[in-house]
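All values below were derived from every heavy atom in this structure, side-chain atoms included, with hydrogens, water molecules and symmetry-related copies excluded. Numbers for residues simply follow the sequence, beginning at 1. As the structure is a computational prediction, the values presented were derived from the model and not from experiment.
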Amino acid sequence: MVLLLAASAAMVSTALAAPQATASQVGGSAVPVPETVLVNSGASPEHPIIDEISRTAVSNGVPLEEALADYIAVAAESSPPTAESQPDGPVDTADVTIDGMTAGELEDLQTVAADEGISLTEAIDQHGWQGDYTEVAEGLEASYPDGFSGAAKEGGTVWFGFKGEIPSEAIDLASSLPVPVEIVGNRGFSEAELAAAADESHSTLLAQSGVDTAITAYDVRSGTIEAWVKPLPASEFSARSSVATAVTPELAARVEDALGTDRFPINIVISDQVGIEQQDGYIRGGGLLSVGCTTGFNLKYLTSDTKRSGTAGHCTKVSSQTYSNHSTAGGSTTVAKIWSHQGSWGDIGYNSTGSKAATRTFYHDTNATRYADARGAMPSTGTSICHYGRTSGKSCGTVKYRNVSIGSLQHMVVMSGATCKGGDSGGPWYSGGTAYGIHTGLTNYGDGNNRCVFAPAYLFQNRSYDVWTR
């Protein structure tokens, strides 16, 4: 069943969709016909202030980026920050909001536009409403943990799925977004069930003879598990490892047999290039560590005023090292290892803050600081996120897979489109003032494409710490 809902919900038309399964296909039990609701068909974001700034830019013969910078500078000067609004001192990103987007988000969108080869106007149309989308997606996942079947953002559209019937709340919330939204119900599984099956598949793959390591992810829209396997040199699969070989039925069948279910299709690729490269090279987030890493965000203990400097677990293997600010701030201090982890909570760790006072700020680019105002949850597919690393600088991309298992590391996020290099490890992943994660390195599926990967920042809560925010 397909329902078309206008933004006002005034007009509704229906049409039948092809059923996903029949009673004879699933043990003789009736399977509900998938239901699709289309909300806000033809809708597009509105940015009246930015549109006016754009017209002014054209009239003056200057780029939109320059006109935006001038507008933000004037707005910031007319409403200067106070000690209360910037408790850890001034930063480079102004506390200005335009059409619901912060100055930090607009700075990030300029990087997104450059990285994706599109105009700033296109980047704003595709991602400028991401904060609203994230709020809706996280709200639906929290409200329906057993029924939510996933969320995805692609260009200027949004997709939500549900295991059973579509809740009316989902339609109401989707109607608040400024873009077309597709909601699919009666999918027969939740994202939590798909994620659990992917985790179990990963453990089963690692236990198979002839398997060296593996990367396991899942696709929320197709409901499939995707696995990339690196074979041991003398294994039965090694002859196929020089070139990626898509879908090996015998290994997939072996995993399905071990799991005792074929509920979720499993696609397996064999390649000797599968793995992860942790990016070590030769106090605030984004600062520099003498082991050749970058710091992520400063952390605060949940029930006390204790502060730590968060980074990657593999960057906290030495007992002490030197932390340095960027050149315009200057200064350094010796920091001591407090905790280091690589495993079920991703790749995270933290050091002491040395002799320097911790702040709620981070470097989002070289010599450019802003405040961390929130800590994001596990980002959904298609979310645009940026990162800073001491070698590659600032780069942005979109989430390709979430909740990924890479060897012993779990709950990782794999990106598409961003650039990352040796030395970036431990650095911050963020969107505007929202802290999303800690950089780990590059992962390769054997297809020749290296993709950035990070550990979500919420995983620090397993140690009773969280990102210290304004």
What residues form a side-chain contact (heavy atoms from CB on, under 4.5 Å) with [X], not counting sequence neighbours?
X    : answer
E226 : T224, W228, N267, Y401
E105 : M101, T102
A170 : L140, F162, I166, P167

Problem set entry | Partner residues of Y133 under the ring pair (Phe, Tyr, Trp, His ring centres under 6.0 Å) criterion, sequence neighbours left out | none
Seminar exercise, completed: Residues at least two apart in sequence or cross-chain that pass ring pair (Phe, Tyr, Trp, His ring centres under 6.0 Å) with W345, listed by chain then number, are H341
Please check this pair: side chain of [X] against backbone of [Y], looking for a donor-acceptor N/O pair closer than 3.5 Å.
X    : Y    : result
N367 : T328 : yes
T311 : T294 : yes
T469 : A374 : no
S190 : E193 : yes
H326 : G286 : yes
S203 : E200 : no
N40  : A174 : yes
N298 : I283 : yes
T157 : E154 : yes
T295 : G287 : yes

For this session: Apply side chain to side chain donor-acceptor pair (under 3.5 Å) to S324 and S332, showing your working.
Result: CA-CA 4 Å; S324 300; S332 62; 4.5 Å; no
For this session: State whether the number of non-hydrogen atoms from other residues, nucleotides or ligands found under 6.0 Å of Q461 atom CD is greater than 12.
Result: yes
For this session: Determine which pairs satisfy disulfide (SG to SG under 2.5 Å) with at least one residue from residues 345-390, sequence neighbours left out, and list them in order.
Result: C386-C396
Problem set entry | disulfide (SG to SG under 2.5 Å) partners of residues 120-158, not counting sequence neighbours, each pair once | none
Problem set entry | salt_bridge(R284, D88) N-O dist < 4.0 Å | no
Problem set entry | Carboxylate-amine/guanidinium proximity below 4.0 Å for D95 and R470 | yes
For this session: Dump the intermediate steps for side chain to side chain donor-acceptor pair (under 3.5 Å) on E107 and T93, then the final yes or no.
Result: CA-CA 8 Å; E107 288 175 347; T93 299; 2.9 Å; yes
Please report the interatomic distance [atom1]([X]) to [atom2]([Y]), rounded to the nearest 0.5 Å.
X    : Y    : atom1 : atom2 : answer
L109 : E65  : CG    : CD    : 11.0 Å
I348 : T440 : CD1   : OG1   : 9.5 Å
N351 : L289 : CG    : CG    : 6.5 Å
I215 : L409 : CD1   : CG    : 10.0 Å

Donor-acceptor pairs under 3.5 Å, side chain of residues 426-437 to any protein atom, not counting sequence neighbours: which ones?
residue, atom, partner, partner atom, Å
W429, NE1, H439, ND1, 3.2
Y430, OH, H364, O, 2.6

Problem set entry | Worked check of side chain to side chain contact (heavy atoms under 4.5 Å, CB included) between S176 and D132 | CA-CA 8 Å; S176 70; D132 295 330; over 6 Å; no
So which heavy atom on [X] is nearest to which on [Y], and how close?
X    : Y    : value
A94  : A103 : O-CB, 3.4 Å
L442 : C452 : CD2-N, 4.0 Å
T216 : H202 : OG1-ND1, 2.7 Å
H127 : S384 : ND1-CB, 3.6 Å
T353 : T333 : O-CG2, 3.9 Å
G310 : Y350 : CA-CB, 4.1 Å

Exercise. Which residue pairs satisfy the salt bridge (charged side-chain N to carboxylate O under 4.0 Å, His left out) criterion with at least one member in residues 402-417, sequence neighbours excluded?
Worked result: E141-R402, E191-R402
For [X], all residues meeting salt bridge (Lys or Arg N to Asp or Glu O under 4.0 Å), sequence neighbours excluded:
X    : value
K400 : none
D199 : none
K153 : none

For this session: Show the numbers, then the answer: is there a side chain to side chain contact (heavy atoms under 4.5 Å, CB included) between F362 and T369?
Result: CA-CA 5 Å; F362 66 98; T369 56; over 6 Å; no
Exercise. Given Y388 and Y363, is the ring-ring contact (aromatic ring centres under 6.0 Å, His included) satisfied, shown in steps?
Worked result: CA-CA 7 Å; Y388 171 76; Y363 289 105; 7.0 Å; no
Exercise. Is there a side chain to side chain donor-acceptor pair (under 3.5 Å) between R187 and S149 once you walk through the steps?
Worked result: CA-CA 8 Å; R187 302 192 73 211; S149 188; 2.9 Å; yes
Exercise. Which is it for V453 and I406 under the side chain to side chain contact (heavy atoms under 4.5 Å, CB included) test, yes or no, and what are the steps along the way?
Worked result: CA-CA 10 Å; V453 59; I406 305 174; 3.6 Å; yes
Problem set entry | Qualifying residue, where the test is ring pair (Phe, Tyr, Trp, His ring centres under 6.0 Å) with Y465 and the options are Y458, Y301, F460, F297 | Y301
Exercise. Looking only at side chains, do N403 and Y218 share a donor and an acceptor under 3.5 Å apart?
Worked result: yes
For this session: Take D373 and R360 through the test salt bridge (charged side-chain N to carboxylate O under 4.0 Å, His left out) and record every step on the way to the result.
Result: CA-CA 8 Å; D373 289 319; R360 285 156 278 200; over 6 Å; no
Problem set entry | Worked check of side chain to side chain donor-acceptor pair (under 3.5 Å) between S304 and T306 | CA-CA 6 Å; S304 75; T306 301; 3.2 Å; yes
Problem set entry | Test log, rule side chain to side chain contact (heavy atoms under 4.5 Å, CB included), inputs V318 and K337 | CA-CA 7 Å; V318 297; K337 169 187 173 181; over 6 Å; no
Problem set entry | salt bridge (charged side-chain N to carboxylate O under 4.0 Å, His left out) between D108 and R370, intermediate numbers included | CA-CA 12 Å; D108 294 348; R370 69 171 61 146; 3.1 Å; yes
